[in-house]
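Everything on this sheet refers to the single structure shown next.
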Amino acid sequence: MEKTQYSKLLSEIVRVDIVNTMGCNVNCPAIPCEYREDWGLSDSTGKNDVEFSKGIHSIHTKILKLTEKIKKDELISKKI
């Protein structure tokens, strides 16, 4: 991956259908998309393994829910 991937300017990122931001009190760049969700996760940096595992479980659950929304064509376009 190191040979094919590199840091990009926002202008170099192609338009995507779905953007998920994690929250974590981090300011994410505005990437143009058809649908956006902010998952509002807490930042697990520096916390113990239990808290880190809770974050992993939460992401996994949210991915499954998003997958179901996509399958059922339930995404409401939020153009940004």
Side-chain angles (χ1 to χ4, degrees):
M1 205 166 128
E2 292 175 358
K3 294 179 181 180
T4 60
Q5 298 299 311
Y6 57 93
S7 296
K8 298 168 185 69
L9 298 172
L10 288 177
S11 60
E12 295 177 293
I13 298 174
V14 299
R15 186 167 183 88
V16 295
D17 295 328
I18 300 170
V19 169
N20 294 325
T21 53
M22 300 293 173
C24 305
N25 297 320
V26 175
N27 194 10
C28 297
I31 298 173
C33 61
E34 294 296 319
Y35 180 81
R36 177 182 307 269
E37 281 187 5
D38 184 278
W39 288 349
L41 302 173
S42 61
D43 187 355
S44 60
T45 302
K47 295 184 180 173
N48 62 36
D49 289 348
V50 171
E51 291 301 313
F52 190 74
S53 292
K54 285 180 186 178
I56 291 170
H57 178 73
S58 180
I59 292 168
H60 182 254
T61 301
K62 290 176 183 296
I63 288 170
L64 294 176
K65 287 180 183 178
L66 180 60
T67 301
E68 285 304 310
K69 285 182 188 178
I70 293 168
K71 287 179 182 178
K72 294 177 181 179
D73 198 26
E74 293 178 345
L75 294 184
I76 299 171
S77 182
K78 298 178 181 180
K79 292 187 179 183
I80 296 179

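- Applying the 6.0 Å contact sphere to CG of Asp49 captures no more than 12 heavy atoms from other residues, nucleotides or ligands.
- Within the 4.5 Å cutoff, no side-chain heavy atoms of Glu34 are placed close to those of Leu75.
- A salt bridge between Lys65 and Glu37 is absent, with no side-chain N of the basic residue lying under 4.0 Å from a carboxylate O of the acidic one.
- Here Asn20 contributes atom CG and Leu66 contributes atom CG; the two are 5.5 Å apart, rounded to the nearest 0.5 Å.
- Arg15 approaches Cys33 most closely through the heavy-atom pair NH2-O, 3.2 Å.
- To the nearest 0.5 Å, atoms NE2 (His60) and OG (Ser53) are separated by 13.5 Å.
- Arg36 places no side-chain N or O within donor-acceptor distance of the main-chain N or O of Thr21, the cut-off being under 3.5 Å.
- Around atom NZ of Lys71, no more than 12 heavy atoms belonging to other residues, nucleotides or ligands sit under 6.0 Å away.
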Show the numbers, then the answer: is there a side-chain contact (heavy atoms from CB on, under 4.5 Å) between Ile70 and Ile18? CA-CA 10 Å; Ile70 293 168; Ile18 300 170; 3.6 Å; yes
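- Both the sub-6.0 Å distance and the 45° axial angle are not jointly satisfied by Lys54 relative to the ring of Phe52.
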